[in-house]
Peer 1: 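I am attaching a structure below and will ask some questions about it afterwards.
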Amino acid sequence: MTSDRGRESQIAELLSWFTENGGLLNDSVRILHDEERGFHARALKRLDPKDVVAECPLSLALSHLNLDHTQASVPHFNSPLQKCLGMIPNDVLSYLLLIEQLVLEDASPWRHYIACLPDQDELTTPLWFTREERRLLEGTDLLHDTQKLEAQLLDEWKVARNAMDKAGMRDSEIYQECDFKTFLWAFTMISSRSFPSRHLIPDRPSFPILFPVIDILNHSPETGVEWDFTTGQSFSLKVLYPTTPGSEVYNNYGPKQNQEFLLEYGFAIPNNPVEQILMRGTIDPQVLEDLREEQIHFEMDVSYIKGPQSRPPHYIRTTGHPFGRYANSIPCFRGFPPYHVLANYLIALRARGIALDDVPPGPTTGRLVLATLLGLYRAVQVKCSQLATRSSDQQLGNAKQSHAYIYRTGQAALCHAIRKELEAVLDSLRVAVPEVGTLGQAAIFTIPDALDALKAEFPLYYDQFTKGKHNSEEETWVLLLGAFAAISLTPQPSHQPREPTLIHRYMQDLYTFYPLPLPETTDSSHSTSTPLSSLTGLFTSLTHSLPTLFEPLTGMHDQILTWATNVVDCESFVLPDAQEPGKTRVCMYLRAWKASSTDEDGDKNGTRTGTGNER
């Protein structure tokens, strides 16, 4: 470990080399080192807006271009690695050049710069996490990206070793010293410290390039800076706000998320204002290609679905996000990328056997809006469960663990905020007890809610139904829908009102989506997740307990049971119990059918929810 005096000597030698070769460091800025901040800059005197903090000439920059003697943009460096030009990607060649400078030590023209770069044991990106430290990333997208990057770099290292071997460098010191860890070190240096070349060398495709001294400045999202490039000559960094004496002088790496900060730089920012939640998943490219603009519902921006913004990554954004949310006619969908709203909408259509070409133009119907919402809600629930923290996660012992914890808890907070936003919409659609039995209501029903509706309109059937023993909530829903179907198909006694009951109208609406098959049209091949054999006995008991209801439908018992099972398989969903925290309920969306032509299409698609907050 280098002593404080050793660090001071390294800084002095770096700045002497830097200024003697055309570099500039503001006289009011001092380079320091401490254990917490590493190398960093502080203001000795006040810095005013537009003051130059540092300027680095292109002649001191380091990249693969130093090996290309056909160009005149940067100084040439003689190296056996020149034989590898064109054999391996330029980025990989830059890693090897940096390793070569490390191996050359005092013989390297960049030796004073290399001496001030962090050692392997100081690096804090996830590539340098131990197996135990990576457990802090379990369930996050960053763990997946780290593993993917590590595998990619391992392949690049093998390609680089093979290229050096073919170039006759097997006996060279760089070949001998270029193990995978050293290769990772070089990659980390360039990914965390480089700048894009395009502004300085515009006649070439952009590549990462290292600028000594300027790359020392740490990041602050509140800092305003200006990167000033003089084409073919130099790069300078200016402050845009006054900097008081004694305060740290920062760079601003841009509005990046903690996933990017941690993966590339090795730190995370608490309460990062631009943090988002990554969504994965794809739509069949052929479906997208065939998709017509008028088939994209919810007034979504087509460019996010078929245009340049449709390519991943896609992110969920919370309310008030600096980047804004997405255009959507349904307010609760606006936090989700249109690509994934469409994906869940297509899943909802496919589950109901509806072809996209058969969906009529105009506002999307309520049952499909809710199904799309539930698909997004389930995805968020999975994210929330994956990001749940353990008490042991808070026992942090080093910077890597601290930054991983900041990243993980930040993601979890966003995920829970989105989940609560969706749950507020779903809660607004739940049955309110005083409204049970209100004609025309469309709502999310639990089994107790459905039983209340049965009790209000058919108390005798309610008494007989509740005497039976039912197992799971899914099975109870199948039996309830079976009873409701029988009610809807049985002529009402003369003492019943002529106006259709609420249950009749609920079932009539379900039939528009799920026609009740006649005995000769039953599709016995249709698969269900609930085995019919497990329900047949229960259903038989139900028909026996309600003889006046089921006897007139003796020839349709099998069809009713199959139909009800299919409906529950497709339409039921699980939500938190509104009355008992910690418990869940299997729910159904029931809407009273209306014959009016102005009522939400009146077609097989049911009803729309309009803004997403209406019943």
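Only heavy atoms go into these numbers, but all of them, side chains included; no hydrogens, no water, no symmetry mates.
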Peer 1: Take K420 and E423, measure what salt bridge (charged side-chain N to carboxylate O under 4.0 Å, His left out) needs, and give me the verdict at the end.
Peer 2: CA-CA 5 Å; K420 288 179 180 178; E423 286 178 350; over 6 Å; no
Peer 1: Let's go through D91 and S94 carefully: what are the C-alpha distance in whole Å and the side-chain angles of both, what is the deciding distance for side-chain hydrogen bond (donor to acceptor under 3.5 Å, both in side chains) to 0.1 Å, and is it a yes or a no?
Peer 2: CA-CA 5 Å; D91 289 2; S94 292; 5.5 Å; no
Peer 1: Where does the angle between the aromatic ring planes of H112 and W17 fall among parallel (under 30°), tilted (30 to 60°) and perpendicular (over 60°)?
Peer 2: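 Taking W17 first and then H112, their aromatic rings sit tilted (interplane angle of 30° to 60°).
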Peer 1: Indicate whether any N or O donor in one side chain lies under 3.5 Å from an N or O acceptor in the other, for D119 and W185.
Peer 2: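 The criterion, which ignores hydrogens and geometry beyond distance, is not satisfied for W185 and D119.
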Peer 1: Is there a donor in the side chain of E222 and an acceptor in the side chain of N252, or the other way round, less than 3.5 Å apart?
Peer 2: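 Checked: E222/N252 side chains show no N/O donor-acceptor pair below 3.5 Å.
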Peer 1: Pick one: which of F298, Y345, Y377 meets ring-ring contact (aromatic ring centres under 6.0 Å, His included) with F333?
Peer 2: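 By the ring-ring contact (aromatic ring centres under 6.0 Å, His included) criterion, F333 pairs with just one of F298, Y345, Y377: F298.
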Peer 1: Which heavy atom in K181 sits nearest to a heavy atom in W128, and how many Å separate them?
Peer 2: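 Of all heavy-atom pairs spanning K181 and W128, the closest is O-CH2, 3.4 Å.
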Peer 1: Using the side-chain hydrogen bond (donor to acceptor under 3.5 Å, both in side chains) rule, take Q176 and S172 through it: C-alpha gap first, then chi angles, then the decisive distance, then the call.
Peer 2: CA-CA 6 Å; Q176 299 298 325; S172 67; over 6 Å; no
Peer 1: Do the ring planes of H219 and F267 sit parallel (below 30°), tilted (30 to 60°) or perpendicular (above 60°)?
Peer 2: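 Answer is parallel, since the angle falls under 30°.
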Peer 1: Would you indicate whether Y241, at its atom OH, is surrounded by more than 12 heavy atoms from other residues, nucleotides or ligands within a distance under 6.0 Å?
Peer 2: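 Atom OH in Y241 is not crowded, with 12 or fewer foreign heavy atoms closer than 6.0 Å.
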Peer 1: For side-chain hydrogen bond (donor to acceptor under 3.5 Å, both in side chains), just list the numbers for E264 and S191, CA-CA rounded to whole Å, side-chain angles, deciding distance to a tenth of an Å, and then say yes or no.
Peer 2: CA-CA 6 Å; E264 294 187 9; S191 72; over 6 Å; no
Peer 1: Under a plain distance cut-off of 3.5 Å, with no hydrogens placed, do R280 and H314 share a side-chain donor-acceptor pair?
Peer 2: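 Checked: H314/R280 side chains show no N/O donor-acceptor pair below 3.5 Å.
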Peer 1: Using side-chain hydrogen bond (donor to acceptor under 3.5 Å, both in side chains) as the criterion, point out the one residue from D145, T146, N272 that pairs with Q259.
Peer 2: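 Answer after filtering D145, T146, N272: D145.
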Peer 1: Return the set of residues passing salt bridge (charged side-chain N to carboxylate O under 4.0 Å, His left out) with K50 (not counting sequence neighbours), or none when no residue passes.
Peer 2: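 Result, salt bridge (charged side-chain N to carboxylate O under 4.0 Å, His left out) vs K50: E226.
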Peer 1: Does T19 have any side chain to side chain contact (heavy atoms under 4.5 Å, CB included) partners at least two apart in sequence or in another chain, and if so, which?
Peer 2: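 Checked T19 against side chain to side chain contact (heavy atoms under 4.5 Å, CB included); zero matches.
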Peer 1: Name the orientation class of the two ring planes belonging to F180 and W157 (parallel below 30°, tilted from 30 to 60°, perpendicular beyond 60°).
Peer 2: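 Aromatic pair F180/W157 classed tilted.
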Peer 1: Output every pair passing side-chain hydrogen bond (donor to acceptor under 3.5 Å, both in side chains) with a member in residues 98-109, not counting sequence neighbours, ordered by first then second residue.
Peer 2: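 Qualifying pairs: S79-E100, Q101-S108.
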Peer 1: Decide whether a cation-pi geometry holds between R161 and Y175; the criteria are a distance under 6.0 Å from NZ or CZ to the six-membered ring centre and an angle within 45° of the ring axis.
Peer 2: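 Because its charged atom sits under 6.0 Å from the ring centre and within 45° of the axis, R161 does stack over Y175.
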Peer 1: State whether R134 and E150 are salt-bridged, where the test is any N-O pair (Lys NZ or Arg NE/NH1/NH2 against Asp/Glu carboxylate O) under 4.0 Å.
Peer 2: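 Salt bridge present between R134 and E150.
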Peer 1: Does a side chain donor of either R378 or Q381 reach within less than 3.5 Å of an acceptor in the other side chain?
Peer 2: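 Short answer, no.
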Peer 1: Would you check, one step at a time, whether the test side-chain hydrogen bond (donor to acceptor under 3.5 Å, both in side chains) holds for Q82 with D68?
Peer 2: CA-CA 7 Å; Q82 290 169 247; D68 184 356; over 6 Å; no
Peer 1: Do you see a donor-acceptor pair shorter than 3.5 Å between the side chains of E248 and N218?
Peer 2: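 Result is yes, a qualifying pair exists.
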Peer 1: Is the ring centre of F336 less than 6.0 Å from the ring centre of Y326?
Peer 2: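 No.
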